[in-house]
2 protein chains.
Amino acid sequence: MSRASDRAYDHIRNMILSGELSPGEQIREEALAELCGVSRTPVRDALRRLEAELFIRRNESQRSFVADWSLDDLEEAFQLRAMLEAYAARRAAKRISWDQLARLRSHNDAIHHAITAPTPDIPKFLDHNRQFHAIVLEAAGSGRLAGMLAQVIEQPVVLRTAKQYDMENLKRSHHEHDELLIAFDNRDGEWAAAVMTGHIRRAFHVYAAAHSGDADIRRTDEAA
Amino acid sequence: MSRASDRAYDHIRNMILSGELSPGEQIREEALAELCGVSRTPVRDALRRLEAELFIRRNESQRSFVADWSLDDLEEAFQLRAMLEAYAARRAAKRISWDQLARLRSHNDAIHHAITAPTPDIPKFLDHNRQFHAIVLEAAGSGRLAGMLAQVIEQPVVLRTAKQYDMENLKRSHHEHDELLIAFDNRDGEWAAAVMTGHIRRAFHVYAAAHSGDADIRRTDEAA
DNA sequence: TAGCAGCTTATTGTATACAAATACCATTCG
DNA sequence: CGAATGGTATTTGTATACAATAAGCTGCTA
């Protein structure tokens, strides 16, 4: 899309992801226009896009708010994601090219290096992990599916969860990718789907455990 | 949303569904603005929405075209729809209220009357069928899921397929709804999901059969 | 005649002014 | 004191003019 409306989109999206705009906070077109250095017109464009991607919700009288996600919303997103990514893996197993397989291997190797380094490089892990899943989606060859997955993956809350991984889970993640590659090698869609389902569901429970830990700490603080 | 942009949205959507705008045809904002009797601003809003709903696609230089759907696209849409509606049915089985169950029964009774009348009332069937599925979705209680399903159901091609049903399939459809109700009565999510999967997949094959018939006719015509 | 340069036209993108709708607040009435 | 009512401020919606960009054409050149 065009320059100004792209800038507005990126700017607002980053403000949401960074927490500069808080969940539930009302946002006004004119204020955003000033922050982005453009007029309201491209801001409105950007807001429409962000609304479609569920970063923003609008109330009955068209006022915009930063979306806030409940725990139920989060579990729902993970369930949908598990289902959709499993479906993607099933399709990918039948369609993946040699080149795509090689790229998957390359990214998973990079993940291995990132997490076995003396100081684990989490941003590098996240980046290669993202690209790994993007290639599976590319191999699935369904634009509609890709669009739907974007909706459940690119959510603020889901994005933040990746940082909850500890070393044990980073290794497990790498291993699951490896198993997925073997399933792909054997063109076994059901196996690939099963591996992917477990992969995503474990990610959810990692987050859920981390979150309940937070709750415990909070309760402890209150008790102290 | 607002009056003018709603009018533009409905108008353009209807033009696409009615075939007044042909698949693949380029559409220009100004021309649509005149047709809808509004300025380009609300038309642009409407186009953004229709693009998100895959009624319209845009090329690399932002020109808009009426989306055209290949057979592969259609099968892909049906597969996704089957998966998502099965998921909706599974969730609904655990959450559905007595009131919602009663409404489902009522709509399925209306379907029964529509198809057993001396002259089957297909529009009535389609309307109650739509409401039946809407209630299942409502019972599933997932806004995100609802949004995704809208994307794969409200497509021009998919909408037209419903009219391919013959009497035999209308009766089967009614019977499957009935079975779904029993699964709901028993709060059996897996059963509900299985029934719904079959329900949607049969819809696809009804369409596919009708379409291959068309192809045969076309080939016969060419041969003649 | 194929292909390219530059101009012309068509189309979309952006800014701005104004209109419409909604929320907010104060005031009044029961 | 609470609820309803009205007016004012705030926010979004729409129209329009203009800017930027892409497409298409014309005529030139090899």
Side-chain angles (χ1 to χ4, degrees), chain A residues 1-16 19-68 143 147 150 156, chain B residues 1-16 19-68 143 147 150 156:
Chain A
M1 205 164 284
S2 62
R3 197 170 69 259
S5 100
D6 275 342
R7 264 193 299 153
Y9 172 85
D10 288 338
H11 197 141
I12 298 168
R13 188 171 179 278
N14 285 336
M15 285 196 292
I16 293 175
E20 194 173 341
L21 295 174
S22 315
E25 180 180 347
Q26 179 172 358
I27 52 188
R28 285 156 321 162
E29 296 174 355
E30 196 163 12
L32 291 176
E34 281 182 31
L35 283 168
C36 301
V38 298
S39 80
R40 274 179 55 214
T41 309
V43 167
R44 286 171 63 83
D45 254 34
L47 288 180
R48 290 282 137 69
R49 279 199 271 170
L50 291 163
E51 186 191 358
E53 293 167 12
L54 302 180
F55 279 97
I56 280 173
R57 56 170 260 271
R58 311 180 76 166
N59 69 6
E60 60 287 349
S61 61
Q62 309 304 327
R63 262 102 174 137
S64 300
F65 300 82
V66 178
D68 54 341
Chain B
M1 205 165 285
S2 62
R3 196 172 70 258
S5 101
D6 274 343
R7 263 193 299 153
Y9 172 85
D10 288 337
H11 198 140
I12 298 168
R13 188 172 179 278
N14 286 334
M15 286 195 293
I16 293 174
E20 194 173 340
L21 296 174
S22 316
E25 180 180 348
Q26 178 171 357
I27 52 189
R28 287 163 332 207
E29 296 173 356
E30 197 163 9
L32 291 176
E34 282 182 29
L35 282 169
C36 301
V38 298
S39 79
R40 274 178 56 212
T41 309
V43 167
R44 285 171 64 83
D45 254 34
L47 288 180
R48 289 281 138 69
R49 280 199 270 169
L50 291 164
E51 187 191 357
E53 293 167 10
L54 303 180
F55 278 97
I56 280 174
R57 55 170 262 271
R58 311 180 76 166
N59 69 6
E60 59 286 350
S61 60
Q62 307 305 326
R63 261 101 175 139
S64 300
F65 300 82
V66 179
D68 54 341

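Residue numbers start from 1 in every chain, and the chains themselves are labelled A, B, ... in the order their sequence lines are given, proteins ahead of strands. Quick note: numbers below take in every heavy atom, side chains included, and nothing from hydrogens, waters or symmetry partners.
The CG-C1' distance, from A/D6 to C/dG13, rounds to 11 Å in whole Å. Atom P of nucleotide C/dT11 and atom CD1 of B/I56 are separated by 16 Å, given to the nearest angstrom. Taking atom OH on A/Y9 and atom P on C/dT14, their separation rounds to 15 Å, with Å as the unit. Taking atom CG on B/D45 and atom C1' on C/dA20, their separation rounds to 15 Å, with Å as the unit. Rounded to a whole Å, the CD atom of A/E60 is 14 Å from the C1' atom of D/dT11. The interatomic distance linking A/R48 (CZ) with C/dT14 (P) rounds to 15 Å, in whole Å. In this entry the distance linking CD of B/Q26 with P of D/dG24 reads 8 Å, nearest Å.
Of the inter-residue distances, the one linking B/F65 atom CZ with B/I56 atom CD1 reads 11.0 Å to the nearest 0.5 angstrom. B/S64 OG to B/R57 CZ: the interatomic distance, rounded to the nearest 0.5 Å, is 9.5 Å.
Nearest-nucleotide positions on DNA chain C for B/S64 and A/R63 put B/S64 closer to the 5' end. For the pair B/R44 and A/S61, nearest-nucleotide mapping onto DNA chain C gives the more 5' position to B/R44.
Between C/dA21 and B/R3, a contact under 4.0 Å exists linking OP1 or OP2 to a side-chain N or O.
Counting heavy atoms from C-beta on, the side chains of B/M15 and B/L32 come closer than 4.5 Å. Looking at heavy atoms from C-beta onward, B/R44 lies in side-chain contact with B/R40 at the 4.5 angstrom threshold.
Proximity note for B/Q62 (side chain, C-beta onward) versus C/dT22, D/dA23, C/dG13: the nearest is C/dG13.
Residues from residues 28-41 of chain A placing a heavy atom under 4.0 Å of any atom in DNA chain D, listed by number, are A/R28, A/E29, A/R40.
Residue-environment remark: CD (B/Q26) exceeds the threshold of 12 foreign heavy atoms within 6.0 Å. Under a cut-off of 6.0 angstrom, the local environment of CD in A/E30 is sparse, with at most 12 non-hydrogen atoms contributed by other residues, nucleotides or ligands.
Counting any heavy atom pair closer than 4.0 Å across all strands shown, B/I27 reaches sugar-phosphate atoms only and no base atom.
A salt bridge does not link B/D6 with B/R13: none of the charged nitrogens is closer than 4.0 Å to a carboxylate oxygen.
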